[in-house]
Amino acid sequence: MKLDDLHSIIQGCIALERQSQKAFYARFYGFAAAICMRYANNEEDTIEMVNDGFLKIFKELHAFKPVFSNEEVSLKGWMKRIMVNTAIDHYRKYYKRQLLIDAREDKAISVAQHGESSIDKLSYEELLKVVQQLSPGYRAVFNLYVIDGLSHEEISAELGISVGTSKSNLAKARVNLQKMLQSMNRIAV
């Protein structure tokens with residue numbers, strides 16, 4: 001078996017071949033880590049989410065059916081959903097209580113509008129570092145809404161919170177991001 005051929009690697013993983021699993025893990029680790037990193041507090045959380053996600057992938061790989069002619073593109077879409085769900089599970093396990101605390105804050109929210117978005121001026125790494133500074137509840141809602149494109153109703157169902165809490169946490173996340181960017185002197189006050 002060639003370990004550079006994706007289809008062969010997948011078939012080897014289904015057959016529980018360690019070499020194929022290692023090749024699969026090595027090939028997609030960066031992709032999975034980039035997804036989980038958005039939801040994690042630190043590197044250890046990222047690694048835990050990635051490893052949990054790969055366990056789920058290896059367990060369910062037999063059920064994977066490509067939906068596009070390009071098997072790798074289909075696989076990455078399928079894997080992304082698993083990694084996001086794994087990150088949500090991790091969040092529920094460790095940070096759900098924090099989300100409820102965040103939702104109870106009674107602060108007025110006003111977001112100043114600027115011509116050019118400060119986020120447009122940031123590199124991916126800079127944006128990731130700023131987003132990771134958000135509380136787990138705000139970060140989860142921000143990522144699900146802004147990055148993964150879920151609606152507030154979907155976020156509500158995924159995280160077990162009300163639609164209003166989802167909207168409130170997104171607004172508060174944006175305010176906090178704006179404050180962090182202002183303190184970095186990335187946007188005009």
Residue pair L134, K172: steps toward the side-chain contact (heavy atoms from CB on, under 4.5 Å) verdict: CA-CA 10 Å; L134 291 170; K172 290 174 185 177; over 6 Å; no
For N51 and Y25, test the side chains for any donor-to-acceptor distance below 3.5 angstrom and give the result as yes or no. yes
Using a 4.5 Å cut-off on heavy atoms from C-beta on, say whether the side chain of V146 contacts that of L170. yes
Give every residue pair that meets the ring pair (Phe, Tyr, Trp, His ring centres under 6.0 Å) criterion with at least one member in residues 154-183, sequence neighbours excluded. none
Kindly write out the residues that satisfy ring pair (Phe, Tyr, Trp, His ring centres under 6.0 Å) with F31, not counting sequence neighbours, or none if the list is empty. none
When rounded to the nearest 0.5 Å, the distance separating CD of Q178 from CG of L181 is 8.0 Å
Pick from N143, V141, L144: which one makes a side chain to side chain contact (heavy atoms under 4.5 Å, CB included) with L150? L144
Quick one: pull up NZ in K22 and SG in C13 and give me the separation to the nearest 0.5 Å. 12.0 Å
Please report the interatomic distance CE(M49) to CD1(I88), rounded to the nearest 0.5 Å. 10.5 Å
Atom CD1 in I9, atom CG in L61: separation rounded to 0.5 Å? 11.0 Å
Between S166 and S162, is there a donor-acceptor pair closer than 3.5 Å when you use the side chain of the first and the backbone of the second? no
Shortest non-hydrogen contact from A140 toward L159: CB-CD1, 4.3 Å
If only atom types and distance count, is the side chain of T46 paired as donor or acceptor with the main-chain N or O of A40 below 3.5 Å? no
Run R139 and R38 through side-chain contact (heavy atoms from CB on, under 4.5 Å) and show every step you take. CA-CA 8 Å; R139 184 174 56 243; R38 294 190 325 237; over 6 Å; no
State, yes or no, whether a side-chain contact exists between I82 and T86 at a heavy-atom distance under 4.5 Å. yes
Do Y29 and I57 belong to the same hydrophobic cluster, where Ile, Leu, Val, Met, Phe, Trp and Tyr are linked whenever their side-chain heavy atoms lie under 4.5 Å apart, directly or via other members? yes
If two hydrophobic side chains count as joined below 4.5 Å and joins carry through other members, does M79 share a cluster with V67? no
Any donor-acceptor pair under 3.5 Å linking the side chain of Q11 with the backbone of S8? no
Could you note down all residue pairs passing salt bridge (charged side-chain N to carboxylate O under 4.0 Å, His left out) where residues 48-62 supplies at least one of them, sequence neighbours left out? K56-D89
Can you list every pair that meets salt bridge (charged side-chain N to carboxylate O under 4.0 Å, His left out) and has a residue in residues 61-73, with sequence neighbours left out? R27-E72, E72-K76
Distance col, row D45:CG vs C36:SG, nearest 0.5 angstrom, shows 10.5 Å
Suppose we screen for ring pair (Phe, Tyr, Trp, His ring centres under 6.0 Å). Which residues come up paired with F24, at least two apart in sequence or across chains? F28, F58
Please report the closest heavy-atom contact between P136 and Y91, naming both atoms and the distance. O-CE1, 3.6 Å
Measure the CG-CZ distance between L177 and R174 for me, rounded to the nearest 0.5 Å. 9.5 Å
Is I47 linked to L55 within one hydrophobic cluster, defined over Ile, Leu, Val, Met, Phe, Trp and Tyr using a side-chain heavy-atom separation of less than 4.5 Å? no
Answer with yes or no after comparing the ring centroid distance for Y145 and H152 against a 6.0 Å cut-off, counting only values under it. yes
Quick one: ring pair (Phe, Tyr, Trp, His ring centres under 6.0 Å) partners of F64, sequence neighbours excluded? W78
Measuring only between side-chain heavy atoms, which start at C-beta, is Y39 closer than 4.5 Å to M83? no
